[in-house]
Amino acid sequence: MSRNADDEGGPQPGLQFRLIINRPDGGVDARSVGSRPLVVGRALDCDVRVEEERVSRHHCVIFQRGGALYLQDPGSANGTYVNDSRVRQG
């Protein structure tokens, strides 16, 4: 499959991802990842708040580009890990 210039841009129209959050109380939340990135962390201004000491105030950012999801560490003090591998800061 070939990629064109449109694949490298922002979110693709009509394509939507959902982040499913399993809360400690057993509840479930969902957030859409679309044209606006989701910020995860402890701070009040985060889209997804995680009230845990080892989570930084602005821990990570989840965004869509070219039909794929990306996770980026915005320079958190604690670092962001996926499958025991540290995510590159961006």
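The backbone N or O of Val87 lies less than 3.5 Å from no partner atom in the side chain of Thr80, so there is not a single donor-acceptor pair.
Closest non-hydrogen pair, Phe17 versus Gly67, comes out as CZ-O, 3.5 Å. Across all their heavy atoms, Glu52 and Arg42 have their closest contact at O-CD, 3.2 Å. Contact between Arg86 and Ser76 at its shortest, heavy atoms only, is NH2-O, 4.1 Å. Nearest approach of Arg18 to Ala30, heavy atoms of both residues: NH2-CB, 2.9 Å. Considering every non-hydrogen atom in both Arg31 and Leu38, the closest pair reads CB-CD1, 3.8 Å. Closest approach of Val39 to Cys46, counting heavy atoms only: O-CB, 3.6 Å.
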*Checking side-chain contact (heavy atoms from CB on, under 4.5 Å) for the pair Asp73/Cys60: CA distance, chi angles, key distance, verdict?*
CA-CA 5 Å; Asp73 185 332; Cys60 66; 5.6 Å; no
_Check against side chain to side chain donor-acceptor pair (under 3.5 Å), His58 and Asp45_ = CA-CA 9 Å; His58 295 106; Asp45 64 339; 2.8 Å; yes
*For the pair Arg36 and Asp47, evaluate salt bridge (charged side-chain N to carboxylate O under 4.0 Å, His left out) and give the outcome as yes or no after the intermediate values.*
CA-CA 10 Å; Arg36 195 172 71 76; Asp47 300 298; 2.8 Å; yes
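In this structure, Arg23 places its CZ atom where more than 12 heavy-atom neighbours from other residues, nucleotides or ligands lie under 6.0 Å away. Atom CG of Asp25 has more than 12 heavy atoms from other residues, nucleotides or ligands within 6.0 Å.
The shortest side-chain heavy-atom distance between Tyr70 and Arg65 falls under the 4.5 Å cut-off. Looking at His59 and Arg57, their side chains never come closer than 4.5 Å, going by heavy atoms from C-beta outward. Using a 4.5 Å heavy-atom cutoff, the side chains of Val40 and Val61 are not in contact.
Ile21 and Leu44 are not part of a single hydrophobic cluster, where members link through side-chain heavy atoms under 4.5 Å apart. Follow the hydrophobic side-chain contacts under 4.5 Å out from Val33 and you never reach Ile20; the two are in separate clusters. Transitive grouping of hydrophobic side chains (ILVMFWY, heavy atoms separated by less than 4.5 Å) brings Val50 and Val82 into a common cluster.
Here CD1 of Ile62 is found 7.5 Å from CG of Leu69. Values are rounded to the nearest 0.5 Å.
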